Engineer: 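Please find one structure pasted underneath; my questions will follow.
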Protein chains: 2
Amino acid sequence: MSRPQPPKRATVHDIAAAAGVSRGTVSRVLNGGYVSAEARAAIEAAITEVGYVPNTAARALKMRRSEAVAFVALEPHSLFLDDPNIGSIMLGANAELSLADHQMVSLVVESGRDMERVARYLSGGFVDGAIVVSARAHDPIIQVIGDLRLPAAFVGHPPDLDGTIPYVGIDNAGSAREVTTRLVATGRRRIGMIAAALDRDSGSDRLAGFRAALGPHFDAGLVAEVPHYDYGSGVKGMRLLLERDPAIDGVFAASDAIAAGALEALREAGRSVPSDVGIVGFDDSTWAVRTQPQLSTVHQPAKEIGAVAAQLILHQLRGEQLETLGRLLPTPVIWRDSA
Amino acid sequence: MSRPQPPKRATVHDIAAAAGVSRGTVSRVLNGGYVSAEARAAIEAAITEVGYVPNTAARALKMRRSEAVAFVALEPHSLFLDDPNIGSIMLGANAELSLADHQMVSLVVESGRDMERVARYLSGGFVDGAIVVSARAHDPIIQVIGDLRLPAAFVGHPPDLDGTIPYVGIDNAGSAREVTTRLVATGRRRIGMIAAALDRDSGSDRLAGFRAALGPHFDAGLVAEVPHYDYGSGVKGMRLLLERDPAIDGVFAASDAIAAGALEALREAGRSVPSDVGIVGFDDSTWAVRTQPQLSTVHQPAKEIGAVAAQLILHQLRGEQLETLGRLLPTPVIWRDSA
DNA sequence: TACGGATGTGTGAACGTGCACACAGTAGGA
DNA sequence: TCCTACTGTGTGCACGTTCACACATCCGTA
């Protein structure tokens, strides 16, 4: 159990000793204040001489601020594999935090053990705030955030959370309604949906929007429910729809990956897109432009989502009042060739 | 500039006061030691009463150990978009660190500003070690790791690093040689390569293996160099090869994404795969089974790579001697339909 | 001469921990 | 009776930093 001590590092004391001044003066050189020219020179020489590297962790303890913000990804397995947006959201958040000189640290939660450890980490004083992706209300993370009043922001808002934590997302229902309405307007009559991830707000809201757009013409039999947003689910979902109604001529897929899978199933069934069947996806991910034909889809401003989440944290850190708890970002619909 | 202080938290002192004992006794309850039954009971009651949450950061300062390991992704933009493996590597590393109760924190470096801040973070005492993906020798990260003797491990070994930092990777050259040899063995005569990311070890080693396999038959004119491992590069690279030699009948693509792009270009040129042209990819990513035909490719054990990188760090933290500096993991070749 | 302000420096305390040490009481054996 | 061992508790210090305060010097002005 006895682990080796890491090598001894130079501290402000060492610099002070080497330069023949006190720690206070060294601190003033590092952080600003009145210092004479010769003292400054001696100290700067001493710093390079002893190879001083400031211990930010000690500063964080004293200052009660680490200038670090956590990016917590729950269920990262499905996120990283099925959702091409998570990377962009991360990069968007990082870029925004970077401008404010804050360090983003990403934590993934795959197991219950992870969950507990991450909760400890968040409450341990290592970070000043947390961006949380795809949480549920009963997660210990939420508990920690509530108990410590840790500044936080959710990406997509869990339906089972009370309105106490700021969030950013997109209008899933509205976008779904918009693309579905367009399918109707272009003459599609038998319109189905491949709905996924109904246990998440994104999934259920997209289905709700689809349903709202069709109104009285909504037919529950033309909704294929699949677990995830991935390609394989798309293939299975489309096969199911074709089986239930061979005359189907329009499909709203809950993600681009699903749409790509659906195209595959349609190809194997001998249907051509968009002449026989019109299909729209969701995400505007890299899938959209790689399929044949290219997908009409809903553009997710992933980078902006990350950036806004970061801003929500930074605002709280500055003690500013948030004007609204939630922010929904616009989602332009991209019309390409598949519908 | 004056930021609000975070709400005051309960400390061991508060517990001690509430329970009528000294800090030392509280510490013994938390960390083990001789404590009387009534003292323990009083302290445990006090802990829940005042809502105590241990400050791990303070413990880390005192112990000089944070039990956290950084996962540094350089150039994450291309990594996350082009390289489907990075997510799996992360999850593999996290799982392994999790078993040892260490927290993995991922840091992305996109800009020079990021680079500097991450270097500061690594040297600030927040982490005990670092897993670094796709570094170059001149990166400040390397400097920091060297200066502080921070335990580290590289994923893939940069060609311009001296042998001082442990690494884990795959035998890119050997695998490339193996698949190329197979192309030859199945009767392909005009074999080209779409080579990418030649400034990284993975890219240059794959090209070297290809070259070695062909020996005297190697023709530099049949190598199309593209910048990244992505789909678009595959399309362009294949068009270039077809232009240079319309009789080309075998292609080694440096990644599955490139191979998928190449298939697209071959389709538009009216060539059929594998009858006219045989093609092999690299990565065994999700691409491989989504293309038509499915790709023969080199399987990258991404999860294991992450796990081994984590082990390399944990070994160093335990002060154990590493038997070898580098570890190359086996890469089974998956033969599907494209060659 | 005395005083106030600007400039420059040193000292002590604190952030929240964990550990070494000192000390006290009890019990057992030589 | 003394020495040792074990249990139980409190105090002081250290980790490396920053900040408040005290103090010291110099200059210009009343």
Side-chain angles (χ1 to χ4, degrees), chain A residues 1-3 5-43 46-47 50-67 120-121 123-126 128 148, chain B residues 1-3 5-43 46-47 50-67 120-121 123-126 128 148:
Chain A
M1 258 334 257
S2 87
R3 296 181 152 183
Q5 284 297 316
K8 197 91 175 119
R9 300 168 41 161
T11 74
V12 278
H13 295 81
D14 301 320
I15 302 177
V21 294
S22 76
R23 318 181 319 268
T25 311
V26 176
S27 175
R28 273 182 289 269
V29 168
L30 295 172
N31 304 306
Y34 296 122
V35 185
S36 67
E38 60 258 56
R40 161 161 279 127
I43 289 171
I47 286 180
V50 302
Y52 171 72
V53 181
N55 185 320
T56 334
R59 166 200 261 119
L61 175 59
K62 174 67 193 175
M63 299 280 93
R64 291 211 188 114
R65 294 198 140 271
S66 62
E67 313 266 275
R120 261 201 330 262
Y121 191 83
S123 58
F126 288 107
D128 296 339
L148 273 70
Chain B
M1 258 334 255
S2 87
R3 294 181 152 181
Q5 283 299 316
K8 198 87 176 124
R9 298 167 44 159
T11 74
V12 277
H13 294 81
D14 302 321
I15 302 176
V21 293
S22 76
R23 316 178 326 262
T25 312
V26 177
S27 175
R28 274 182 288 269
V29 169
L30 295 172
N31 303 308
Y34 297 120
V35 185
S36 67
E38 60 259 55
R40 161 161 279 126
I43 289 171
I47 286 180
V50 302
Y52 171 72
V53 181
N55 185 321
T56 334
R59 166 199 260 119
L61 174 61
K62 173 69 194 171
M63 299 281 92
R64 292 211 189 112
R65 293 198 141 271
S66 61
E67 313 266 275
R120 261 200 331 260
Y121 191 84
S123 57
F126 288 107
D128 296 339
L148 273 70

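Just the heavy atoms: all of them, side chains too, but no hydrogens, waters or symmetry mates, feed the values below. Below, chain A is the first sequence line, B the second, and so on; all start at residue 1. Here the structure is a predicted model, which is why all the values come from computation and not from measurement.
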Engineer: What nucleotide, of D:dT18, C:dC19, C:dG16, holds the atom closest to the side chain of A:Asn31?
Structural biologist: D:dT18
Engineer: Let me see the working for B:Arg59 and B:Asn31 under side-chain contact (heavy atoms from CB on, under 4.5 Å), right down to the final yes or no.
Structural biologist: CA-CA 12 Å; B:Arg59 166 199 260 119; B:Asn31 303 308; 3.5 Å; yes
Engineer: Describe, as an angle rounded to 10 degrees, how the axis at the first end of the helix from C:dT1-D:dA30 to C:dA30-D:dT1 is tilted relative to the axis at the last end, five pairs per end.
Structural biologist: 70°
Engineer: Looking at every heavy atom in both B:Arg40 and B:Arg28, which two are closest together, and how far apart are they?
Structural biologist: NH2-O, 4.4 Å
Engineer: If every non-hydrogen atom of B:Ala10 is compared with every non-hydrogen atom of B:Gly51, which pair is closest and at what distance?
Structural biologist: CB-O, 4.3 Å
Engineer: Among the nucleotides D:dT9, C:dG18, D:dG16, which one has an atom lying closest to any side-chain atom of B:Ser27?
Structural biologist: C:dG18
Engineer: Do any side-chain nitrogens or oxygens of A:Arg64 fall under 4.0 Å of OP1 or OP2 in C:dA14?
Structural biologist: no
Engineer: Counting only side-chain nitrogens and oxygens, does B:Ser36 get under 4.0 Å of the OP1 or OP2 atom of D:dT9?
Structural biologist: yes
Engineer: Work out which heavy atom in A:Ala39 is nearest to a heavy atom in A:Thr25; give both atom names and the distance.
Structural biologist: CB-CG2, 4.5 Å
Engineer: Between A:Ser66 (side chain only) and A:Phe126 (backbone N and O only), is there a donor and an acceptor less than 3.5 Å apart?
Structural biologist: yes
Engineer: Would you mind telling me which of A:Asn55, A:Val50, A:Asp14 makes a side-chain contact (heavy atoms from CB on, under 4.5 Å) with A:Arg9?
Structural biologist: A:Asn55
Engineer: Can you tell me which nucleotide in C:dT17, D:dT17, C:dT9 comes closest to the side chain of B:Thr11?
Structural biologist: C:dT17
Engineer: Taking atom P of C:dC15 as reference, at what distance in whole Å does atom CZ of A:Phe126 sit?
Structural biologist: 19 Å
Engineer: Using whole Å, report how far CG of A:Leu61 lies from P of D:dT17.
Structural biologist: 12 Å
Engineer: Send over the distance from A:Lys62 NZ to C:dT17 C1', rounded to a whole Å.
Structural biologist: 15 Å
Engineer: Could you pull out the closest heavy-atom pair between A:Leu61 and B:Ala58, with the gap in Å?
Structural biologist: CD1-CB, 3.8 Å
Engineer: Are the side chain of B:Thr56 and the backbone of A:Tyr121 linked by a donor-acceptor contact shorter than 3.5 Å?
Structural biologist: no
Engineer: Between A:Tyr34 and C:dG8, does any side-chain N or O lie under 4.0 Å from OP1 or OP2?
Structural biologist: no
Engineer: Choose from D:dT17, C:dC19, C:dT17 the nucleotide whose nearest atom is closest to any side-chain atom of A:Arg59.
Structural biologist: D:dT17
Engineer: Whole-Å distance between C:dG16 C1' and B:Met63 CE?
Structural biologist: 12 Å
Engineer: For residues A:Ala16 and A:Ser22, report the shortest heavy-atom separation together with the two atoms involved.
Structural biologist: CB-C, 3.7 Å
Engineer: Just how far, in rounded Å, is C1' of D:dT7 from CD of B:Glu38?
Structural biologist: 12 Å
Engineer: Within this structure, what is the CG-to-C1' distance between A:Asn55 and D:dG16, rounded to whole angstrom?
Structural biologist: 6 Å
Engineer: Could you tell me the separation between the NE2 atom of B:His13 and the P atom of C:dG18, rounded to a whole number of Å?
Structural biologist: 11 Å
Engineer: Check whether any side-chain heavy atom of A:Leu30 lies under 4.5 Å from a side-chain heavy atom of A:Ile43, and answer yes or no.
Structural biologist: no
Engineer: Given C:dT17, D:dC15, D:dT17, which nucleotide is nearest the side-chain atoms of B:Tyr52?
Structural biologist: C:dT17
Engineer: For B:Ala39, answer base if it contacts any base atom (sugar-phosphate contacts may also be present), sugar-phosphate if it contacts only those atoms, and nothing otherwise; contact means non-hydrogen atoms under 4.0 Å.
Structural biologist: sugar-phosphate
Engineer: Can you pull every protein N or O that's under 3.5 Å from an N or O on nucleotides 10-12 of chain C?
Structural biologist:
| from | atom 1 | to | atom 2 | distance (Å) |
| --- | --- | --- | --- | --- |
| C:dG10 | OP2 | A:Ser22 | N | 2.9 |
| C:dG10 | OP2 | A:Ser22 | OG | 3.2 |
| C:dG10 | OP2 | A:Thr25 | OG1 | 2.8 |
| C:dG10 | N7 | A:Arg28 | NH2 | 3.0 |
| C:dG10 | O6 | A:Arg28 | NH1 | 3.3 |
| C:dG12 | N7 | A:Arg23 | NH2 | 3.3 |
| C:dG12 | O6 | A:Arg23 | NH2 | 2.4 |

